[in-house]
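Step one of this worksheet: look at the structure below.
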Amino acid sequence: MPDKGLIHVYYGDGKGKTTAALGLAVRAAGCGKNVVIVQFLKNWQCGEHNSLSNLPNVSIIRGKTAKGKFIHEMNDDEKLETKTAQDECLKSAVALVDKGQCDMLILDEVIDAHNLGVIDSYILEDIIYKKPDMLELVITGHNAEPGLLEHADYVTEMVKHKHPYDVGVKARQGIEF
């Protein structure tokens with residue numbers, strides 16, 4: 001009997017949450033597993049897409065924000081548009097899970113989407129708390145709720161002690177994105 005899938009949470013204000021999750025994706029894909037990555041709230045093209053798009057068993061779904069704005073810059077209509085887009089991405093991933101076409105599901109920045117109110121909490125809670133036994137679930141974001149941390153099997157907090165951004169160094173292609 002195959003091993004049961006577990007829940008991983010990478011959270012905190014430090015660098016490396018997405019990087020850790022995508023490292024798992026590469027490992028799983030290299031072992032023949034079907035990986036679905038949903039990236040919430042990310043509008044920019046990231047270097048990892050170029051690499052991951054070359055792997056036949058990796059699918060990337062992106063939840064764009066209205067007009068490429070940050071949530072705090074949006075009016076109510078734009079927030080609703082963003083929520084609709086995020087929800088559609090999550091529903092698409094859940095459909096792949098339900099069809100048995102996903103061995104590992106990565107919900108990148110879903111903690112932030114949830115905390116900002118731009119994701120359907122019921123759908124998210126269903127995938128977390130009623131996860132199919134064989135699904136490996138990876139969740140990233142900044143401020144994880146205690147209930148999620150308690151329910152997870154792996155919990156890693158990324159803590160920032162120092163970051164070049166704090167002294168004005170902008171994100172660099174190939175390193176931060």
Side-chain angles (χ1 to χ4, degrees), residues 5-25 35-49 52-53 58-98 102 104-132 135-160 163 165 171 176-177:
L6 302 176
I7 298 175
H8 309 242
V9 176
Y10 297 104
Y11 79 104
D13 64 355
K15 183 179 175 345
K17 298 174 289 292
T18 298
T19 304
L22 297 182
L24 284 176
V35 180
V36 175
I37 302 165
V38 185
Q39 289 192 311
F40 297 92
L41 306 174
K42 292 188 175 179
N43 286 319
W44 55 91
Q45 184 62 28
C46 301
E48 62 263 20
H49 296 156
L52 292 170
S53 65
V58 174
S59 301
I60 302 173
I61 303 169
R62 302 198 74 207
K64 296 180 180 177
T65 60
K67 297 183 174 109
K69 295 180 178 179
F70 291 107
I71 300 298
H72 68 274
E73 300 170 330
M74 294 180 190
N75 63 36
D76 289 342
D77 288 340
E78 292 168 333
K79 287 179 184 176
L80 180 59
E81 180 184 334
T82 297
K83 183 181 183 316
T84 300
Q86 306 308 305
D87 287 346
E88 288 304 314
C89 291
L90 187 57
K91 288 175 187 175
S92 295
V94 168
L96 292 170
V97 170
D98 290 345
C102 177
M104 175 180 281
L105 175 60
I106 296 174
L107 301 177
D108 186 34
E109 299 293 350
V110 76
I111 293 170
D112 296 61
H114 175 268
N115 291 344
L116 292 167
V118 292
I119 193 94
D120 186 315
S121 295
Y122 296 109
I123 297 171
L124 179 60
E125 288 170 7
D126 267 358
I127 196 68
I128 293 170
Y129 296 106
K130 298 176 184 174
K131 176 187 83 57
L135 179 67
E136 200 77 17
L137 179 61
V138 183
I139 298 169
T140 74
H142 287 84
N143 299 310
E145 295 176 355
L148 171 61
L149 300 178
E150 186 176 315
H151 187 71
D153 301 291
Y154 296 90
V155 175
T156 302
E157 181 179 8
M158 308 297 203
V159 178
K160 178 183 79 162
H163 196 291
Y165 182 80
E176 283 85 23
F177 68 96

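Computed from a prediction, not measured in an experiment: that's the story for all the values here.
- The CD1 atom of I61 sits 11.0 Å away from the CD atom of Q39 when rounded to the nearest 0.5 Å.
- Summarising the geometry of L24 relative to V138, their closest heavy-atom pair is CD1-CG2, 4.0 Å, with the distance given to 0.1 Å.
- Once rounded to the nearest 0.5 Å, the distance linking CD of E157 with NE2 of H142 reads 11.5 Å.
- More than 12 heavy atoms of other shown residues, nucleotides or ligands fall within 6.0 angstrom of atom CG in D126.
- Side-chain contact check for T82 versus L116: every heavy-atom pair is 4.5 Å or farther apart.
- The two residues I106 and A21 come nearest to each other via the heavy atoms CD1-O, 3.2 Å.
- Using a distance-only test at 3.5 Å, with no hydrogens or angles considered, a donor-acceptor pair links the side chain of K17 to the main chain of G12.
- With hydrogens and angles ignored, the 3.5 Å screen pairs a side-chain donor or acceptor of E78 with a backbone N or O of N75.
- By the 30° and 60° cut-offs, the orientation of the rings of H8 relative to Y154 is parallel.
- Residues meeting the ring-ring contact (aromatic ring centres under 6.0 Å, His included) test with Y165, sequence neighbours left out: none.
- Between T18 and E109, the shortest heavy-atom contact is OG1-OE2, 4.2 Å.
- A distance of 12.5 Å separates NE2 in H114 from CG in L107, rounded to the nearest 0.5 Å.
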inquiry  = Would V97 and V36 count as a side chain to side chain contact (heavy atoms under 4.5 Å, CB included) here? Give the steps.
reply    = CA-CA 9 Å; V97 170; V36 175; over 6 Å; no
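- Between L149 and V155 the shortest heavy-atom distance is O-CG2, 3.4 Å.
- Rounded to the nearest 0.5 Å, atoms OH (Y11) and CE (M158) are 11.0 Å apart.
- Contact annotation: the side chain of L90 never approaches that of V38 to less than 4.5 Å [non-hydrogen atoms, C-beta and beyond].
- Heavy-atom contacts from other residues, nucleotides or ligands closer than 6.0 Å to CG of D76 number 12 or fewer.
- For D13 against K160, the heavy-atom pair with the smallest separation is OD1-N, 3.0 Å.
- Within the 4.5 Å cutoff, the side chain of L135 has heavy atoms near those of the I127 side chain.
- Put simply, CG on D87 and CG on D120 are 5.0 Å apart, with the number rounded to the nearest 0.5 Å.
- Here OG1 of T140 is found 7.5 Å from CG of D112. Values are rounded to the nearest 0.5 Å.
- The shortest heavy-atom contact between I128 and H151 is O-NE2, 3.4 Å.
- Without hydrogens or angle criteria, N143 side chain to N115 main chain gives no donor-acceptor distance under 3.5 Å.
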